[in-house]
Amino acid sequence: MKIIIIGCGMIGISHLKSFLNSNGTYEIDIIDKKKRLDELKKSLSPKRNLSLNFNSKIPNDKSFDFAIISTNSMERYKAFKRLIEKNKIKYILLEKFIFSKIMEYKKFNKFFKKYNKKIMVNSFGGYLFRNCGIKKKEKKPINIFVTVKEGTMFTGMIHYFDFFYILTRKKFKIDFSKIERIIKSKRSNYFEGLGEISAYNSKGSIKISTSKKVNLEIRLKIKEINYKLILIKNNFILFKNNKLNKKFTFPFAYKITSKLINNKSFLKNFNYLSEISIDILRSLKKKYKKEIFIT
């Protein structure tokens, strides 16, 4: 299987480790800046089933079974455009936040819409839904309350909106009126928010709020059933009506990426997640009269 990974920082290396730990046979092109590539060459040990090609530029006239674009969001659209215009790609995995500007989504819809069924966005909303064991007949009405650690709300909200959408299967309106303050993200040129974000539709609502103490907690109420998910030491602990129900691991890329194609678990979720992402960017721009970049 031929794979290309564009952007091999912390997330990209996690994707790469998934193939390093797999028993499959892969030829992988790794694209990043020369300094980062030199670091990787020193740290990666050769394996019989793995062929690694290091390059500082996206190649031309090649075919790949799987492409992973794990650059930051400001670079992602440009990398995507360059990749598909010069190469043949079967499936594409994009990190969130998908693109950083509304105009980039418009350009995608104008020039590259035919690719949307080949793209999966790396969100764990679907993973939470599958592991919580929520039945279709229980899907409404629903109210979700998410508490996240300060400095992670903007970058993580797409996961929880994804979860809400899967549960309700209906578009929703996003409200940023209770954001108390915009702060600089740990990543240069990006921003985070403190306070509360809410969204709602005819089937329910979701509230995402920040906390200094809580890492991640998700509470759901579906009719008479109360669910609570707590993230502790990389494991989700699920309670159902205050009783321990199950434990399942956080879906780190190094554990699941190689299985996306091999186990036919590739989720074509680009369409609705891109619409949600556009709504997020528009709502923020309307509130703050400027573009708010999310990584």
Side-chain angles (χ1 to χ4, degrees), residues 4-12 14-15 31 58 64 66-85 89-129 148 152-166 171-172 174 176 185-193 197 199 206 208 251 253 256-257 260 265-286 291-295:
I4 183 169
I5 301 176
I6 303 174
C8 212
M10 185 172 66
I11 298 297
S14 189
H15 288 300
I31 313 300
I58 296 172
F64 295 99
F66 193 26
I68 301 169
I69 303 180
S70 48
T71 63
N72 63 51
S73 62
M74 288 186 187
E75 298 173 338
R76 192 165 296 126
Y77 176 80
K78 184 178 179 181
F80 168 83
K81 181 176 182 291
R82 177 71 177 79
L83 176 68
I84 63 166
E85 286 182 339
I89 315 295
K90 287 185 180 179
Y91 294 99
I92 304 165
L93 179 69
L94 297 182
E95 277 298 331
K96 50 82 196 163
F97 202 79
I98 306 172
F99 305 133
S100 64
K101 297 179 180 180
I102 296 171
M103 183 56 67
E104 291 171 338
Y105 294 90
K106 291 181 178 179
K107 287 179 180 178
F108 177 93
N109 286 330
K110 183 176 181 181
F111 299 112
F112 308 115
K113 198 170 184 177
K114 65 180 181 180
Y115 288 92
N116 58 14
K117 291 184 179 180
K118 294 185 174 185
I119 299 174
M120 176 178 173
V121 180
N122 190 21
S123 163
F124 59 71
Y127 178 82
L128 292 181
F129 172 72
V148 299
T152 67
M153 183 163 67
F154 280 6
T155 188
M157 62 182 158
I158 197 69
H159 297 297
Y160 316 118
F161 285 148
D162 183 15
F163 187 37
F164 181 52
Y165 178 82
I166 292 171
K171 290 184 178 181
F172 48 82
I174 304 171
F176 285 98
S185 170
K186 292 179 181 179
R187 292 191 178 184
S188 179
N189 299 319
Y190 295 97
F191 296 92
E192 270 294 345
I197 303 169
I206 179 171
I208 307 169
I256 66 170
T257 302
L260 293 178
S265 54
F266 193 84
L267 302 176
K268 298 168 185 177
N269 56 5
F270 178 84
N271 267 354
Y272 73 85
L273 286 181
S274 63
E275 289 181 6
I276 293 170
S277 300
I278 291 169
D279 287 345
I280 288 170
L281 294 176
R282 281 178 175 162
S283 298
L284 285 171
K285 188 173 183 179
K286 183 177 180 180
E291 289 184 313
I292 301 296
F293 299 118
I294 303 171
T295 185

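Throughout, numbering of the chain's residues begins at 1 and tracks the sequence. What you see is a predicted model, and the numbers here were worked out from it, not measured in a lab.
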Problem - Salt bridge flag under 4.0 Å for residues Glu275 and Lys171 - result: yes

Completion exercise
d(Ser283 OG, Ile278 CD1) to nearest 0.5 Å is 11.5 Å

Practice task
May I ask you to test the Leu281-Phe99 pair for a side-chain heavy-atom distance under 4.5 Å?
Solution key: no

Handout entry: Asn109 side chain vs Lys106 backbone, donor-acceptor pair below 3.5 Å
Key = no

Problem - Flag if over 12 foreign heavy atoms under 6.0 Å of CZ, Arg82 - result: yes

Practice task
For the pair Phe80 and Phe112, evaluate ring-ring contact (aromatic ring centres under 6.0 Å, His included) and give the outcome as yes or no after the intermediate values.
Solution key: CA-CA 10 Å; Phe80 168 83; Phe112 308 115; 5.7 Å; yes

Exercise for the section: May I have the step-by-step check of side-chain contact (heavy atoms from CB on, under 4.5 Å) for Met103 and Lys107, ending in yes or no? Expected result: CA-CA 6 Å; Met103 183 56 67; Lys107 287 179 180 178; 3.9 Å; yes

Handout entry: Atom pair CD1/NE2 of Ile208 and His159 - distance to nearest 0.5 Å
Key = 10.5 Å

Exercise for the section: Give me the one residue out of Tyr91, Tyr115, Phe108 that meets ring pair (Phe, Tyr, Trp, His ring centres under 6.0 Å) with Phe270. Expected result: Phe108

Handout entry: Shortest non-hydrogen contact between Leu83 and Ala67, atoms and distance
Key = CD2-CB, 3.6 Å

Practice task
Would you please name every residue forming a ring-ring contact (aromatic ring centres under 6.0 Å, His included) with His15, sequence neighbours left out?
Solution key: none

Problem - Inter-residue atom distance Phe191.CZ - Ile294.CD1, 0.5 Å rounding - result: 10.5 Å

Handout entry: side-chain contact (heavy atoms from CB on, under 4.5 Å) evaluation trace for Ile166 with Asn269
Key = CA-CA 10 Å; Ile166 292 171; Asn269 56 5; over 6 Å; no

Problem - Donor-acceptor pair, side chain of Thr152 and main chain of Val148, under 3.5 angstrom - result: no

Handout entry: Ile31 side, atom CD1; Thr71 side, atom OG1 - distance, nearest 0.5 Å
Key = 12.0 Å

Problem - Heavy-atom donor-acceptor pair, Glu192 side chain to Ser185 backbone, under 3.5 Å - result: no

Exercise for the section: Write down the atom of Leu93, the atom of Val121, and the distance for their closest heavy-atom approach. Expected result: CD1-C, 4.4 Å

Completion exercise
dist Ser70:OG -> Asn122:CG (nearest 0.5 Å) comes out at 9.5 Å

Exercise for the section: Decide yes or no on side-chain contact (heavy atoms from CB on, under 4.5 Å) for Leu273 and Ile98, but give the supporting numbers first. Expected result: CA-CA 9 Å; Leu273 286 181; Ile98 306 172; 4.3 Å; yes

Fill in the blank from the handout: When every non-hydrogen atom of Ala79 is compared with those of Ile69, the smallest separation belongs to CB-CG2, 4.1 Å

Exercise for the section: Please report the shortest heavy-atom distance between Ser123 and Ile158, naming the atom on each side. Expected result: OG-O, 4.1 Å

Exercise for the section: Step by step, work out the side chain to side chain donor-acceptor pair (under 3.5 Å) result for Thr155 and Lys96. Expected result: CA-CA 8 Å; Thr155 188; Lys96 50 82 196 163; 3.3 Å; yes

Handout entry: Residue pair Lys101 / Phe293, side-chain heavy-atom distance below 4.5 Å
Key = yes

Handout entry: Residue pair Met74 / Glu104: nearest heavy atoms and the distance that separates them
Key = O-OE2, 4.3 Å

Exercise for the section: Assess the pair Phe124 and Phe163: is the distance between their ring centroids shorter than 6.0 Å? Expected result: no

Practice task
Would you sort out whether Lys118 and Ile89 count as a side-chain contact (heavy atoms from CB on, under 4.5 Å), showing the intermediate values?
Solution key: CA-CA 9 Å; Lys118 294 185 174 185; Ile89 315 295; over 6 Å; no

Practice task
State, with a plain yes or no, whether a side-chain heavy atom of Asn72 is found less than 4.5 Å away from one of Glu75.
Solution key: yes

Practice task
Specify whether Phe172 and Phe161 have parallel, tilted or perpendicular ring planes, treating 30° as the upper limit for parallel and 60° as the lower limit for perpendicular.
Solution key: tilted

Exercise for the section: Determine whether Lys268 and Ile119 make a side-chain contact, defined as any pair of heavy atoms from C-beta on separated by less than 4.5 Å. Expected result: no

Handout entry: Atom pair CG/OG1 of Asn189 and Thr295 - distance to nearest 0.5 Å
Key = 10.5 Å

Handout entry: Whether Arg76 side chain and Phe97 backbone form a donor-acceptor pair below 3.5 Å
Key = yes

Handout entry: Check: Met120 and Ile92 side chains under 4.5 Å, non-hydrogen atoms
Key = no

Handout entry: Close side-chain approach of Ile276 and Asp162, heavy atoms under 4.5 Å
Key = no

